[in-house]
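Position 1 is the first residue of the sequence, and the numbers go up from there.
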Amino acid sequence: MHLKTELLRELSDLFVGDLRVSQYYHQLSPEDRTTLENRLAGDAARGNRPLVPGALPEDIERTELAAHDELGIDLPTELLDIFAEVDGFSENGVSLYGTDQDLPDEQTYGPTIVTENLSLWSVMPETAEKYLFIGDSDLWYFAFDLESKQFVVLSRSTLEPVHSFGSAAEMINDMLMQALRINSEEGNDSPSVPNSIR
């Protein structure tokens, strides 16, 4: 299963729409606004999704090395492939952690996978080296069970697995649907509430 490009496109359109009504956008000088609009149009013309980029190969490699050095784990190959398509997002309370980037003079745009795991493992030591946290929402942690090698959803209140997915892409598609507030019963084939783990 692959990431659904229509969901990524919809997320991109949402981000661009939000940008255009933001105070930031309206305070730009006419020249800066034109530059930004040209950049967005250029991204779209090249087939890229404006404001929802994939990670650069060097950022994926840097993150893979940081996970090995700082977390003591190897990131799942499926997840590295997803980073190439979408380098994290945060929308409507749903976050997919992105790559850890080497930006000395800039801030990253959202939570990063190695940093978030170091933080979560320190405040919830019972999860350390058991789960690789991939994202979160108001109710759930999206994770990779390092022992069973399954992508799972953990209850935020109990840290117990409540759902499992057959692949990383299936989980990220579900996260995108939640972020976009798309109900899976409206004809989508990806469940927003997968089978419970027993």
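The heavy-atom pair separating Pro50 from Ala44 by the smallest distance is CG-N, 4.1 Å. In this structure, Ala179 and Asn92 approach most closely via the heavy-atom pair O-ND2, 2.6 Å. The shortest heavy-atom contact between Glu10 and Ile182 is OE1-CD1, 3.8 Å. In this structure, Ile73 and Leu146 approach most closely via the heavy-atom pair CG2-CD1, 4.0 Å. Heavy-atom minimum distance, Ser12 versus Arg49: OG-C, 3.5 Å. In plain terms, the two heavy atoms of Leu80 and Glu64 that are nearest each other are CD1-OE2, 3.4 Å.
Separating the CD atom in Glu126 from the OH atom in Tyr131 is a distance of 10.0 Å, to the nearest 0.5 Å. The CZ atom of Arg20 sits 11.0 Å away from the CZ atom of Arg33 when rounded to the nearest 0.5 Å. Here Thr63 contributes atom OG1 and His68 contributes atom NE2; the two are 14.5 Å apart, rounded to the nearest 0.5 Å. Between Glu91 atom CD and Leu96 atom CG the span is 13.0 Å, to the nearest 0.5 Å. Atoms CD and CG, on Glu70 and Leu118 in that order, are 5.5 Å from each other to the nearest 0.5 Å. One finds the CG atom of Leu176 at 5.5 Å from the CG atom of Leu7 (value rounded to the nearest 0.5 Å).
The backbone N or O of Thr35 lies less than 3.5 Å from no partner atom in the side chain of Arg39, so there is not a single donor-acceptor pair. Checked by atom type and distance alone, the side chain of Asn173 pairs as donor or acceptor with a backbone atom of Lys4 at under 3.5 Å. Panel note: side chain Asp100, backbone Val114; a donor-acceptor pair is recorded below 3.5 Å. Looking only at distances, no side-chain donor or acceptor of Asp32 sits under 3.5 Å from a matching main-chain atom of Leu28.
When hydrophobic clusters are built by joining Ile, Leu, Val, Met, Phe, Trp and Tyr residues whose side-chain heavy atoms come closer than 4.5 Å, directly or via intermediates, Leu139 is grouped together with Val153. Under the 4.5 Å side-chain heavy-atom criterion for grouping Ile, Leu, Val, Met, Phe, Trp and Tyr, Leu40 is not connected to Val21 through any hydrophobic cluster. Criterion: ILVMFWY side-chain heavy atoms under 4.5 Å apart, direct or through other members. Under it, Leu159 and Leu120 are part of a common hydrophobic cluster. Criterion: ILVMFWY side-chain heavy atoms under 4.5 Å apart, direct or through other members. Under it, Leu3 and Leu56 are not part of a common hydrophobic cluster.
Two residues are said to be in side-chain contact when any heavy atoms from C-beta on lie closer than 4.5 Å; Val152 and Phe144 fail this criterion. The closest side-chain heavy-atom distance from Phe89 to Val52 is not below 4.5 Å. For the pair Phe15 and Leu19, the minimum side-chain heavy-atom distance is 4.5 Å or more. Residues Phe142 and Gln178 form a side-chain contact, since some pair of their non-hydrogen atoms from C-beta on lies under 4.5 Å apart. Met124 has its side chain within reach of Thr127: a pair of non-hydrogen atoms, C-beta onward, lies under 4.5 Å apart. Phe83 is not listed as a side-chain neighbour of Asp59, based on a closest heavy-atom distance of 4.5 Å or more.
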Any chance you could lay out the side chain to side chain contact (heavy atoms under 4.5 Å, CB included) test for Glu85 and Leu8, step after step, and finish with the verdict?
CA-CA 9 Å; Glu85 290 187 67; Leu8 292 171; 4.3 Å; yes
Between Ile134 and Phe151, is a side chain to side chain contact (heavy atoms under 4.5 Å, CB included) present by the stated rule, with each step listed?
CA-CA 9 Å; Ile134 294 171; Phe151 292 91; 3.6 Å; yes
Step-by-step side chain to side chain contact (heavy atoms under 4.5 Å, CB included) determination, Ile172 to Phe165:
CA-CA 10 Å; Ile172 306 306; Phe165 292 95; over 6 Å; no
Starting from the C-alpha separation in whole Å, work towards a yes-or-no answer on side chain to side chain contact (heavy atoms under 4.5 Å, CB included) for Ile113 and Phe133.
CA-CA 7 Å; Ile113 194 160; Phe133 292 96; over 6 Å; no
One pair to check against side chain to side chain donor-acceptor pair (under 3.5 Å): Tyr25 and Glu37. What are the steps and the verdict?
CA-CA 10 Å; Tyr25 182 84; Glu37 285 296 338; 2.6 Å; yes
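A donor-acceptor contact closer than 3.5 angstrom is absent between the side chains of Tyr97 and Asn117. Side chains of Thr115 and Thr112: a donor on one and an acceptor on the other come within 3.5 Å.
Seen from the ring of Tyr141, Arg156 counts as a face-on cation partner, given the 6.0 Å and 45° thresholds.
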